[in-house]
Visitor: 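The following block contains the structure, expressed as structure tokens.
These values consider heavy atoms only, across backbone and side chains, with no hydrogens, waters or symmetry-generated copies. Since the structure is predicted, the reported quantities are computational estimates derived from the model, not experimental observations.
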Amino acid sequence: MSQENQLLKQRREKAEALAALGINIFSNGFKPANRIKELLPKGEHLAAETFEDTRFTYSIAGRIMSMRKFGKAAFCHLADDSGQIQIYIKQDTVGEEQFAAFKKWDIGDIVGIEGKLFKTQTDELSVMADKLVMITKSLRPLPEKWHGLTNVETRYRQRYVDLIVTPESRAIFRKRVEIIRLIREFLGNRGFMEVETPMMQPIPGGAQAKPFMTHHNALGMDLYLRIAPELYLKRLLVGGFERVFEINRNFRNEGLSTRHNPEFTMLEFYQAYATYHDMMDITEELVSWLSQEVNETMEIDYQGTKVNLTPPWRRLTMNEALTEIGGIAPEIVKDDDEILALARSTKGVKLEPLAGPGKARTALFELLVEEKLIDPTFITSYPIEVSPLARRNEQDPTVTDRFELFITGREIANAFSELSDPIDQRQRLEQQIAEKGDDEEIHAEMDEDFVRALEYGMPAAAGQGIGIDRLIMLLTNSPSIRDVILFPHMKPETEEKSGKTAGKGQKEQGGSCKKCKG
RNA sequence: GGGUCGUUAACUCAGUUGGUAGAGUAUCUGACUUUUAAUCAGAGAGUCGCGCGUUCAAGUCGCGCACGACCCA
């Protein structure tokens, strides 16, 4: 049999000891009247070592984060959702019975406290406890107070522990929530309505990516988790909703990295009678405003790189960028044959055999330019070959009315004036299907209903997608997407790691499995 | 997919040339009624990620696997 971990055993024994005293260690009756944050300003007028002039009794609840015990007294720090405050517990005040129970309290326990405010000798506002309530006895020890939890794997796998002990982590997720709330406010104020479109789609469209597949039993059909909401949001433009947006998850069955999680949050918004120029205006307004709101500045630091988000932002066509930043002579950039030849002879450029000049320019751009775009830069005039859903430019039919936004060398947003011609759209989707080649994992299929919708007539419009996780990485100075996703995807942990106290005497694989019901 | 690094007590980390595993915090016992990384005295706590190999002997060397981090594709 497995030897139970000493620390867990001791905690259980304390829990049993409390239960033996008639104390409910998972009680549900305590209602804190105050949040800790409310108490903090109330101590401003207090002098050190005084508490005579505080007549009020406050009640708070939270988790014990630290403890300094003396014989018949103790100091603890109690943390709730709003902040932290010191609690002073002494036997003279709480009485012998409560103090005896208190001796079985541990760091990590969730407790309720009633008492009066006072200031200690060292001028720290504290609560002189007179009533102590055990709310939840914690049966596992928290990480060390000084170094905290630094193991990133544990921080991601056991985010609940990370959130308890890592204030920086709590701050990032609060900021994330705030950013998303502000985006809704921003778009709402501009007449956009938030909609919800299918996450499960019969034909996964709106992007080139490998989808997750699932199956609907009653309908007897395969469905795909969406890789983008785009084609449904455009159907709503057809339907007459002129400004729509959606903030929700997309799913892509591809690799994981510091910038990729298989499910990620995307903002897409569409505006009728607008062009991609309007999208650029609204984007620089939105992102700079978000930074001002959550960081109180537009000049931020991202992993040691200074980034200035103050509008207006630089706007370059792809060809201009290839020349000005990529260093390719303009006459080569302009010439289809020369740019193809250059791309084919440049080391590090990956180009399919049948790729045309547009793909060559895009590949060279990705290699030579992208990483150099630190301050926000809109790159416009994307080749039509790489933009199956964007509107063709009226002066130059080889490019589209599209931009991508780059900040710190990374793509943050992608937008275009939408293609509203159903005949052109059908041809481009057909070409896209033909080009997917032998990649079985990309599910490309003609979305007849989408083309039919366009045939009813979609107003001229522009739309944009912004990767919310990457935007939040930028605004919270986070190096990995896993730092801004509460529960990032991880490979399953091994039995040894997940249950060191259990699962020792595992049966060999061939043994009968009693958990599997027949 | 490739490369580099990591995995040792609950947490943070040491561990020399291969010779039966150490510290701090946390925990337990005792002292202590204003501490804040409390202090003082004592104690317990480890499948050294998993497996195979080399060896008289492996945390340490070799190979494989798992998980993670970073870089590259």
Visitor: Considering only side-chain heavy atoms of E124(A), which listed nucleotide, U34(B), U35(B), U12(B), is closest?
Guide: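 Closest of the options to the side chain of E124(A): U35(B).
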Visitor: Any salt bridge between R176(A) and D469(A), counting N to O under 4.0 Å?
Guide: yes
Visitor: Could you check how far CG of N5(A) sits from C1' of G44(B), rounded to whole Å?
Guide: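 About 12 Å, once rounded to whole Å.
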Visitor: Please determine if K359(A) and E352(A) form a salt bridge, counting it only when a charged side-chain N lies under 4.0 Å from a carboxylate O.
Guide: yes
Visitor: Quick test: give all pairs of protein nitrogen or oxygen and nucleotides 38-40 of chain B nitrogen or oxygen below 3.5 Å, distance rounded to 0.1 Å.
Guide:
unit_1	atom_1	unit_2	atom_2	d
A38(B)	OP1	K145(A)	NZ	2.3
A38(B)	OP2	R68(A)	NH1	3.3
A38(B)	N6	K69(A)	O	3.3

Visitor: Please identify which of these residues, D162(A), T166(A), D483(A), meets the side chain to side chain donor-acceptor pair (under 3.5 Å) condition with R155(A).
Guide: D162(A)
Visitor: Could K69(A) and F102(A) be counted as a cation-pi pair, given that NZ or CZ must be under 6.0 Å from the ring centre and within 45° of the axis?
Guide: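 Output yes; distance and angle both within limits.
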Visitor: If we take the P atom in both G22(B) and C65(B), what is their distance in whole Å?
Guide: 34 Å
Visitor: Measure from CD on E144(A) to P on A23(B) and round the result to the nearest Å.
Guide: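 It is 15 Å, rounded to the nearest whole Å.
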Visitor: Expressed as a whole number of angstroms, how long is the span from F118(A):CZ to U35(B):P?
Guide: 11 Å
Visitor: Side-chain atoms of residues 18-30 of chain A: list all donor-acceptor pairs with protein atoms under 3.5 Å, sequence neighbours left out, distances to 0.1 Å.
Guide:
unit_1	atom_1	unit_2	atom_2	d
N24(A)	OD1	F26(A)	N	2.9
S27(A)	OG	M134(A)	O	2.7

Visitor: With a 3.5 angstrom cut-off on both distances, give the Watson-Crick or G-U wobble partner of U39(B), or none if there isn't one.
Guide: A31(B)
Visitor: With heavy atoms under 4.0 Å as the rule, sort G148(A) into base, sugar-phosphate or nothing.
Guide: sugar-phosphate
Visitor: D106(A) pairs by salt bridge (charged side-chain N to carboxylate O under 4.0 Å, His left out) with which of K137(A), R63(A), R12(A)?
Guide: K137(A)
Visitor: Partner of A57(B) by Watson-Crick or G-U wobble geometry, both contacts under 3.5 Å, or none?
Guide: none
Visitor: Not counting sequence neighbours, list each pair that qualifies as a ring pair (Phe, Tyr, Trp, His ring centres under 6.0 Å) and has a residue in residues 340-370 of chain A.
Guide: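 Only F365(A)-F406(A) qualify under ring pair (Phe, Tyr, Trp, His ring centres under 6.0 Å).
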Visitor: Under a 3.5 Å cut-off for both contacts, is A26(B) paired Watson-Crick or G-U wobble with anything, and if yes, with which nucleotide?
Guide: none
Visitor: Does F487(A) have R159(A) sitting over its ring (NZ/CZ under 6.0 Å from centre, angle to axis within 45°)?
Guide: no
Visitor: Measure the spacing between CD1 of I472(A) and CG of N477(A) and express it to the nearest 0.5 Å.
Guide: 14.0 Å
Visitor: Suppose we call a contact any N or O donor and acceptor under 3.5 Å apart; does that hold for the side chain of Q86(A) and the base of U35(B)?
Guide: yes
Visitor: Below 3.5 Å is the cut-off: list the nitrogen or oxygen pairs between protein and nucleotides 69-72 of chain B, distance only.
Guide:
unit_1	atom_1	unit_2	atom_2	d
A69(B)	OP1	R482(A)	NH1	2.5
A69(B)	OP2	R482(A)	NH1	3.3

Visitor: Which ones in residues 74-82 of chain A lie close to RNA chain B, meaning a heavy atom under 4.0 Å from one of its atoms?
Guide: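 By residue number: F75(A), H77(A).
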Visitor: Would you list the protein and nucleotides 1-4 of chain B atom pairs, both N or O, that sit under 3.5 Å from each other?
Guide:
none

